[in-house]
Peer 1: 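Before I ask anything, let me first share the structure, which is written out below as structure tokens.
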Amino acid sequence: MKSNPQGTQIKEKDAVMVNYGMNGKVALVTGASGGIGRAAALAFAASEAAVLVCDVNQAGGEETVELIAQMGGKARFQTCDVSNPDQVKAMVAAAVEHFGRLDYAFNNAGINNLGANEYEDEVWARSLSVNLTGVMLCMREESEVMLRQGGGAIVNTSSMNGVTGNGAQPGYVATKHGVIGLTRHGALRWAKEGIRVNAVCPGVIETPMTAPLTANPEMKKVLDSLTPMGRMGKPEEIASAVVWLCSDQASFVTGHAMLIDGGSTAV
Ligand SMILES: NC(=O)c1ccc[n+]([C@@H]2O[C@H](COP(=O)([O-])OP(=O)(O)OC[C@H]3O[C@@H](n4cnc5c(N)ncnc54)[C@H](O)[C@@H]3O)[C@@H](O)[C@H]2O)c1
């Protein structure tokens, strides 16, 4: 454990990260203050990309920046509510202003509304505005820069609930299905312009989003048992796929929705 300038304890990552040779390239990650987004920001940094760390949570975002600095990487925090068109525009402009370009974007910010009734108007509207409109706004602004540059790669975070239902969360399920639709749209729209667009569909992953459930040991056992592999996934297990999808190793992959769920949707 190390301390950041605010004195907050930061757990160092023990994951092995692959270097895809992204030196000189720039990655933008939304929802990067923790969980999957933070793991992806660190994985981009391990590949030597400069990273714009974006989130509504400033303290967490600055911790991510500090973790990247400890790795010897380059990163900067940008506050952004992805449901706000002006803030999304400013976020993409900040990547170009501070790092000179934008090569990779991981549109990952999302909310789960755990325990809330998504049939209530406000909860439904919030789910759509963050999980679906937020991804569209990000793609719209990022693609403009990437088109000017002659290409790029975008990865959106869907969910296994992007391909399956769940009886509790109409908003989450609908928005995550919608993210796959947006991904396929973007892949076709920009296929000839050199922008690849893919999605990751995580299963049940141990992050702050699922922490209210895993805090209860009995519930954690239930969650582990829901996945055929018998355990929840780690954020790093999503991050490694995200960086690979952005890398030149995935140069013919576009419009793909990659399930990373320990076998949950194989049953
Ligand atoms: N954890 C899981 O089991 C799981 C499974 C499938 C999909 N996902 C998806 O993965 C993504 C990341 O989730 P996570 O599990 O890392 O959860 P998390 O809560 O740790 O991360 C989500 C991040 O998004 C940020 N955020 C929320 N609203 C925002 C907004 N309007 N603008 C900008 N940032 C905002 C939060 O501050 C947070 O840092 C989400 O899209 C989520 O739906 C998670």
Side-chain angles (χ1 to χ4, degrees), residues 28-43 52-65 77-92 94 105-114 118 123 125-138 141 155-164 166 169 171-180 182-183 199-214 219-220 222-224 226-227 231-239 241-242 257-262 264-265:
L28 176 164
V29 180
T30 71
S33 289
I36 294 167
R38 171 177 286 176
L42 297 181
L52 193 72
V53 170
C54 312
D55 207 291
V56 285
N57 171 354
Q58 181 169 352
E62 283 170 358
E63 282 185 4
T64 304
V65 168
F77 176 69
Q78 175 74 25
T79 304
C80 179
D81 177 343
V82 295
S83 68
N84 180 315
D86 293 337
Q87 290 187 27
V88 172
K89 209 180 247 300
M91 169 182 75
V92 173
F106 180 34
N107 301 321
N108 162 75
I111 53 171
N112 183 283
N113 294 316
L114 217 59
E118 291 190 331
V123 183
R126 185 76 191 136
S127 190
L128 256 66
S129 70
V130 176
N131 290 356
L132 189 58
T133 304
V135 173
M136 182 280 289
L137 293 173
C138 289
E141 300 304 325
V155 177
N156 299 320
T157 302
S158 174
S159 165
M160 69 178 179
N161 282 155
V163 298
T164 61
N166 96 37
Q169 297 175 297
Y172 194 74
V173 167
T175 56
K176 293 301 184 180
H177 274 69
V179 168
I180 294 180
L182 276 174
T183 300
V200 285
C201 304
V204 190
I205 312 297
E206 277 196 84
T207 70
M209 185 177 275
T210 48
L213 300 173
T214 52
M219 184 57 83
K220 170 76 169 56
V222 171
L223 287 176
D224 283 339
L226 284 178
T227 299
R231 66 170 176 88
M232 295 174 74
K234 301 186 188 101
E236 292 78 10
E237 291 176 308
I238 310 301
V242 171
M258 183 186 283
L259 285 154
I260 309 167
D261 64 359
S264 292
T265 50

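Both counts, for ligands and for their atoms, begin at 1 and track the order of listing. The figures here come from the full heavy-atom set of this structure, side chains too, leaving out hydrogens, waters and symmetry mates.
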Peer 1: Among all the protein's non-hydrogen atoms, which is closest to atom 43 (O) of ligand 1, and how far away is it?
Peer 2: Y172 OH, 2.7 Å
Peer 1: Sub-3.5 Å donor-acceptor pair from the side chain of R38 to the main-chain atoms of S33, do we have one?
Peer 2: yes
Peer 1: I want to confirm something. Looking only at heavy atoms, which of T207, T157, D81 is nearest to atom 9 (C) of ligand 1?
Peer 2: T157
Peer 1: Please work out whether any backbone atom (N, CA, C, O) or any side-chain heavy atom from C-beta onward of P235 is under 4.0 Å from ligand 1, and answer side chain, backbone, both or neither.
Peer 2: neither
Peer 1: Roughly how far apart are L114 CG and Q169 CD, rounded to 0.5 Å?
Peer 2: 6.5 Å
Peer 1: What is the nearest protein non-hydrogen atom to atom 34 (N) of ligand 1, stated with its residue, atom name and distance?
Peer 2: A109 CB, 3.5 Å
Peer 1: Give the contacting part of I111 toward ligand 1: side chain, backbone, both or neither, where contact means a heavy-atom distance below 4.0 Å.
Peer 2: side chain
Peer 1: Has the side chain of K89 got a donor or acceptor atom that lies under 3.5 Å from a matching backbone atom of N84?
Peer 2: no
Peer 1: Can you pull out the closest protein heavy atom to atom 24 (O) of ligand 1? Residue, atom name and distance to 0.1 Å, please.
Peer 2: G31 CA, 3.4 Å
Peer 1: Keeping D55 on the side-chain end and A32 on the backbone end, is there a donor-acceptor pair under 3.5 Å?
Peer 2: yes
Peer 1: Numbering the atoms of ligand 1 from 1, which are under 4.0 Å from a heavy atom of G35?
Peer 2: 16 (O), 20 (O)
Peer 1: Any nitrogen or oxygen of I205 lying under 3.5 Å from a nitrogen or oxygen in ligand 1? Just yes or no.
Peer 2: yes
Peer 1: State the atoms of ligand 1, each with its element, that fall below the 4.0 Å cut-off from a heavy-atom position in T210.
Peer 2: 1 (N), 3 (O)
Peer 1: Consider ligand 1: state whether an atom of it lies below 4.0 angstrom from any non-hydrogen atom of S158.
Peer 2: yes
Peer 1: Report the distance from atom CD1 of I36 to atom CD of E236, rounding to the nearest 0.5 Å.
Peer 2: 10.0 Å
Peer 1: At the 4.0 Å heavy-atom cut-off, does K176 count as touching ligand 1?
Peer 2: yes
Peer 1: Ignoring hydrogens and geometry, is there a side-chain-to-backbone donor-acceptor pair from Q87 to D81 under 3.5 Å?
Peer 2: yes
Peer 1: At a non-hydrogen distance cut-off of under 4.0 Å, which region of Q87 contacts ligand 1 (side chain, backbone, both, or neither)?
Peer 2: neither
Peer 1: Closer than 4.0 angstrom: is that true for some heavy atom of N112 and an atom of ligand 1?
Peer 2: no
Peer 1: Is T214 reaching over with its side chain to a backbone N or O of K220, donor-acceptor style, under 3.5 angstrom?
Peer 2: no
Peer 1: Within the side chain of T183, is there an N or O that forms a donor-acceptor pair under 3.5 Å with the backbone of V179?
Peer 2: yes
Peer 1: Which part of V56 is near ligand 1, with near meaning a heavy atom under 4.0 Å away: side chain, backbone, both or neither?
Peer 2: both
Peer 1: Identify the protein heavy atom lying closest to atom 20 (O) of ligand 1, giving its residue, its atom name and the separation to 0.1 Å.
Peer 2: P208 CD, 3.2 Å
Peer 1: Which atoms from ligand 1 have a heavy atom of S33 less than 4.0 Å away?
Peer 2: 39 (O)
Peer 1: Can you figure out which of G233, G110, C54 has its heavy atom closest to atom 22 (C) of ligand 1?
Peer 2: G110
Peer 1: Which of the numbered atoms in ligand 1 are under 4.0 angstrom from any heavy atom belonging to R126?
Peer 2: 31 (N)
Peer 1: Counting heavy atoms only, name the option from G203, S159, A40 that's nearest to atom 5 (C) of ligand 1.
Peer 2: G203
Peer 1: Using 0.5 Å steps for rounding, measure from the CE atom of M232 to the OG1 atom of T207.
Peer 2: 7.0 Å
Peer 1: For the OG atom of S83 and the CG atom of N131, what is their distance to the nearest 0.5 Å?
Peer 2: 10.0 Å
Peer 1: Could you tell me the residue and atom name of the protein heavy atom closest to atom 17 (O) of ligand 1, and the distance to it rounded to 0.1 Å?
Peer 2: M209 CB, 3.2 Å
Peer 1: Given the rule in the side-chain contact (heavy atoms from CB on, under 4.5 Å) test, do M160 and V204 qualify, once you have shown the distances and angles that lead to the verdict?
Peer 2: CA-CA 8 Å; M160 69 178 179; V204 190; 3.8 Å; yes
Peer 1: Which residue and non-hydrogen atom of the protein lie closest to atom 16 (O) of ligand 1, and at what distance in Å?
Peer 2: I36 N, 2.8 Å
Peer 1: Tell me which protein heavy atom sits closest to atom 32 (N) of ligand 1, plus the residue, atom name and distance to 0.1 Å.
Peer 2: V82 N, 3.0 Å
Peer 1: Checking T227 side chain against D224 main chain: does a donor-acceptor pair fall under 3.5 Å?
Peer 2: no
Peer 1: Please check: side-chain N/O of T30 versus main-chain N/O of N108, any donor-acceptor pairing under 3.5 Å?
Peer 2: yes
Peer 1: Mind checking the OG-CG spacing from S264 to N161? Nearest 0.5 Å is all I need.
Peer 2: 10.0 Å
Peer 1: With the threshold set at under 4.0 angstrom, would you say Q58 reaches ligand 1 through any of its heavy atoms?
Peer 2: no
Peer 1: Spell out, as yes or no, whether a donor-acceptor pair under 3.5 Å connects the side chain of E118 to the backbone of Y172.
Peer 2: yes
Peer 1: Is there a donor-acceptor pair closer than 3.5 Å between any side-chain N or O of T210 and the backbone N or O of I205?
Peer 2: yes
Peer 1: Answer side chain, backbone, both or neither: which part of N108 comes under 4.0 Å from ligand 1, heavy atoms only.
Peer 2: both
Peer 1: Quick check on C80 - does any of its heavy atoms sit under 4.0 Å from an atom of ligand 1?
Peer 2: yes
Peer 1: Among all protein non-hydrogen atoms, which one is nearest to atom 39 (O) of ligand 1, and what is the separation to 0.1 Å?
Peer 2: D55 OD2, 2.6 Å
Peer 1: I need the atoms of ligand 1 closer than 4.0 Å to a non-hydrogen atom of V204, numbered in the order shown.
Peer 2: 3 (O)
